[in-house]
Each structure stands twice: as C-alpha cells, then as structure tokens.
Protein chains: 2
Amino acid sequence: MKKDSQFSSVGRPRAFDPDTALEKAMQVFWRQGYEGTSLSDLTEAMGINRPSLYAAFGNKEELFLKVLDRYGSGPVAYVMCALDEPTARQVVEKLLRESAALMGDPEHPRGCMAVQGILCGGQGTGYVLEHARSRRVAMQRKIQERFERAQAEGDLSAAVGAADLARHVVMIINGLSIQASNGASAEELKAAAEFALRSVPGLD
Amino acid sequence: MKKDSQFSSVGRPRAFDPDTALEKAMQVFWRQGYEGTSLSDLTEAMGINRPSLYAAFGNKEELFLKVLDRYGSGPVAYVMCALDEPTARQVVEKLLRESAALMGDPEHPRGCMAVQGILCGGQGTGYVLEHARSRRVAMQRKIQERFERAQAEGDLSAAVGAADLARHVVMIINGLSIQASNGASAEELKAAAEFALRSVPGLD
DNA sequence: TGTGTTTTGTATCGGTCGGTATGAAATGAA
DNA sequence: TTCATTTCATACCGACCGATACAAAACACA
C-alpha cells in the first residue's frame, strides 16, 4: 500500500514545483499537440528530467490528461463561468467574446488546445483522443442544457432548437480556434466573434 | 539529366497504379493526420513497399503535398465549383450544404483532411504545416473575392464586409469539420449547415 | 540470347521515440 | 552518526521512425 500523491515530509524534497511544471507542459502541448510533443520537449520545458516526470505525473498520457484538466479549469474556465450569465443572449456573448480574446491572446499559443493538440492521431493515441473528444461533446451538452433552461425561463425563443443553437455556438468557437491557428490577429478574431454574434438567431 | 515523371517503356514495369496508390495514401492521411501516419501505415495501405514509394513520390512530405493536391481537386473540388454559382446566397448555400454532405459521408474519414491532418504538429512539420495553412487561407481569400464581386454585381449587400462574411463561412465549414470528427451524424451535420445558413446576414 | 534499364523485395541504416534500471544525493527519524 | 526514504541525474532499453543500399527480377531492344 503506497501513499502516493500525498506529500511526505521524509526523504529528499523535490526540486521543482509540480504546478508550474504542469503549466509549462500545458504550454508545450498547446503549441505542438499531443503527438507533436516528445518527452524531450517536455522535460526541457518543465526543467526536470525524465524519471522525475514519470514519478510525478505517471507517463505521457496521464500527464496530458492532467494538462487537459488544468486547461479546463484554467484558460477555458470562462466557458462554465459564462453559463452563469442571466440570459441566453449574454451567455452567447460571453462565450464568443471570451473565446476570441483567449485565442487571440499572444501570451498563449494560438487556438484551442483541445482542438489544436488532439484532432489528429494515429492508432496509438486512441485513448487520449477519445478523452478529449468526449470533453468537447460534454461542453456542447452543457451549453445545450443552459439553453433549455433559458427556454423554460422565457429568455430564449422556443422556436429554435436548444441543441441546434448549442452546436452552432460551439462551431463558431471551433471556427475561431482554426482562424487563430491560421494566423488571424486578435482584432480579426474579435471582429469574427462580433460578426457571428450578430447573426445568431433566437437571441431576442 | 533524368527524365523523371515520364513513364519509360524500357525497364521493369511497375506493379501498381500510382493514382490508386495516391488515393489509398489520401485515405490514411485523412484518417490519421500527417504525423499520425507512419511509412509502414502508408506502404501497407498502398500495397507497395518502401523503395517503390520513395521512387514514385519522393518522400513522406512530398507524398503528402501530392495528396493535398489530390484532395483539393477531388473531394473538395466543390468549393471552387460553388464559386461559380450566380448569387452570393447560392454560393454560400452550396458551400455549406456540400461541406456537410462531404464531412458526413461515411465513405470518407470524418472531417476535413486539411484540418484533421495538419493542425497540430511539432517542429519537424513546419513546411507541411505552413503549406496546408496557406491553402486554407487562400481558399478563404477566394471566397472573399467572390463576395466582393457579388457586391459589385448587386446581389450582396454592401453593408456587410466581404472579408467578414468569407471568414464567417469558412468558420462554419471548419466548425462542421470538427463536429464531424466529434462523431456528429450526417443528419446532424446537415441540420447544422441549414441552421447556420439561416443565420448568415447580408444574403438577400 | 545477351545487355541496359527500371522496379522489386529484403535487409538495414542512424536517429528518436516513450519508458526505466541504477545508484548517488538529500532529507527526517532514530 | 546511522538508517530509511524519497528524489535526483545518468545512462540505457527495445521499438519504431523516415530513409536507403543492394541485388534479384522483369521488361525493351539489339
């Protein structure tokens, strides 16, 4: 019985901060994708050596899943936050504007990590690919449920399908991601979000 | 001075058809992406061995570029074809409907190859990545120029920016691609295209 | 039947991949 | 000081990567 993931006061203390190391790993995966990132890339960026990485994070797959968690609760936390907006219109506004802002932010790599780093993949990447895909689907479902609530509360027309609208919004966000990786500037992304916002039907 | 790419009547005849081999290669790259596809995957799918592949197509990079050409003049030829429609509205309709049809077609891998197989990439894939990106940008520009013509011809409101509209349409198409790789059915993709079509502004 | 030419199959190249064995170094406890 | 425990750094593992060397095989031509 090992007491893993529990920091122990005995033994040699680790010479790195797991949280900042995870942040560095996220940057690399974000920029290069899962398959495009080698362990050498990771250890160099994280400032640690291989055995330390495996001891702290398991292996490359598990590290990426941890990075995905961090990504969801960090840079794209605005998604869940946007669902708390009072009306469907404000939810969509916040989703699109924050997405454009994030993907145009020069501080991060371009585009969405869950799109950038995961779409493609050979046979060895089945598990990671499936995991990230289910995350994207889950996000879309959350948005759909929010729209269903909005219809029940009366601030969204019942004429449009909540599933259709949610899918449309997610498509716009993913479109923004690809525009960003195509080299679109922050201003262009902002303009694209506003343009799409003007065209979404059913939002009072 | 070698006379390459010219079929010579002398010497042992090749035992495979380069065109069908290229088709097989496209299927694999489409499904697995550039980095996710190994030479063993390619030779197995194409039914040829390594030296034959190199003699006929150069190397992995050149093969992928040839596949990209084939992709543009084959499965996605409808894009250039759609630009010949008489009005901007019909152009957009054809673009979105054909995109949804292609990406939902169970005969091909899901999604768009230029998105699926190229977005992510490490340092070694710079040239291929840049090439495919410039293709996506060029396609968007073609669509923009078509809209500018439509504005000059009067079937598209001058109130909307041609660049904005073109970018929006491309974003929808790319969004469809990601929906497809998320597992959306052909019917869902069709519905998504119709929904987006209803919401595009400026189309009479 | 040779002879030159091109493709074929096999076997292999150096390099890099993800993942580890091993022992030294650094701590708290005894 | 000594020991148990944990992390550190080095060096290495087999497997696979993209790419080739080499010679046998299959053709046209003489």
Can you tell me the distance, in whole Å, between the [atom1] atom of [X] and the [atom2] atom of [N]?
{"X": "Leu63(B)", "N": "dA19(D)", "atom1": "CG", "atom2": "C1'", "value": "14 Å"}
{"X": "Phe64(A)", "N": "dG19(C)", "atom1": "CZ", "atom2": "C1'", "value": "19 Å"}
{"X": "Asn59(A)", "N": "dC13(D)", "atom1": "CG", "atom2": "P", "value": "22 Å"}
{"X": "Leu53(A)", "N": "dT7(D)", "atom1": "CG", "atom2": "P", "value": "13 Å"}
{"X": "Met46(B)", "N": "dT7(C)", "atom1": "CE", "atom2": "C1'", "value": "15 Å"}
{"X": "Lys60(B)", "N": "dT20(D)", "atom1": "NZ", "atom2": "P", "value": "14 Å"}
{"X": "Phe16(B)", "N": "dT6(C)", "atom1": "CZ", "atom2": "C1'", "value": "12 Å"}
{"X": "Phe57(A)", "N": "dT7(D)", "atom1": "CZ", "atom2": "P", "value": "12 Å"}

* **Main-chain N/O of Gly104(A) paired to Lys190(A) side chain as donor or acceptor, under 3.5 Å** => no
* **5' priority, DNA chain D, between Gly11(A) and Arg50(B) [closest heavy atom]** => Gly11(A)
* **First encountered from the 5' end of DNA chain D, between Gly47(A) and Leu39(B)** => Gly47(A)
* Salt bridge Arg149(A)-Glu145(A), side-chain N to carboxylate O under 4.0 Å -> no
* Asked: Picking from Arg97(B), Glu98(B), Gln90(B), what satisfies side-chain contact (heavy atoms from CB on, under 4.5 Å) with Lys94(B)?
  -> Glu98(B)
* To do: Hey, which sits more toward the 5' end of DNA chain C by its nearest nucleotide, Arg12(A) or Arg14(B)?
  => Arg14(B)
* To do: Using heavy atoms to find the nearest nucleotide of DNA chain C for Pro13(A) and Gly58(A) separately, return the residue whose nucleotide is more 5′.
  => Gly58(A)
Choose from [options] the nucleotide whose nearest atom is closest to any side-chain atom of [X].
{"X": "Val10(B)", "options": "dT5(C), dA9(D), dG19(C)", "value": "dT5(C)"}
{"X": "Tyr54(A)", "options": "dT27(C), dG19(C), dC8(D)", "value": "dG19(C)"}
{"X": "Ser38(A)", "options": "dC17(C), dG18(D), dC8(D)", "value": "dC17(C)"}

Heavy atoms under 4.0 Å, any strand shown: does [X] hit a base, just sugar-phosphate, or nothing?
{"X": "Ala15(A)", "answer": "sugar-phosphate"}
{"X": "Asn49(B)", "answer": "base"}
{"X": "Thr43(B)", "answer": "nothing"}

* Phosphate oxygens OP1/OP2 of dC16(D): is one of them under 4.0 Å from a side-chain N or O of Ser40(B)? -> no
* Asked: Going by atom types alone, do Glu148(B) and Gln144(B) pair a side-chain donor with an acceptor below 3.5 Å?
  -> yes
* Asked: Looking only at heavy atoms, which two atoms of Arg110(B) and Ala184(B) are closest? And how far apart?
  -> NH1-O, 2.7 Å
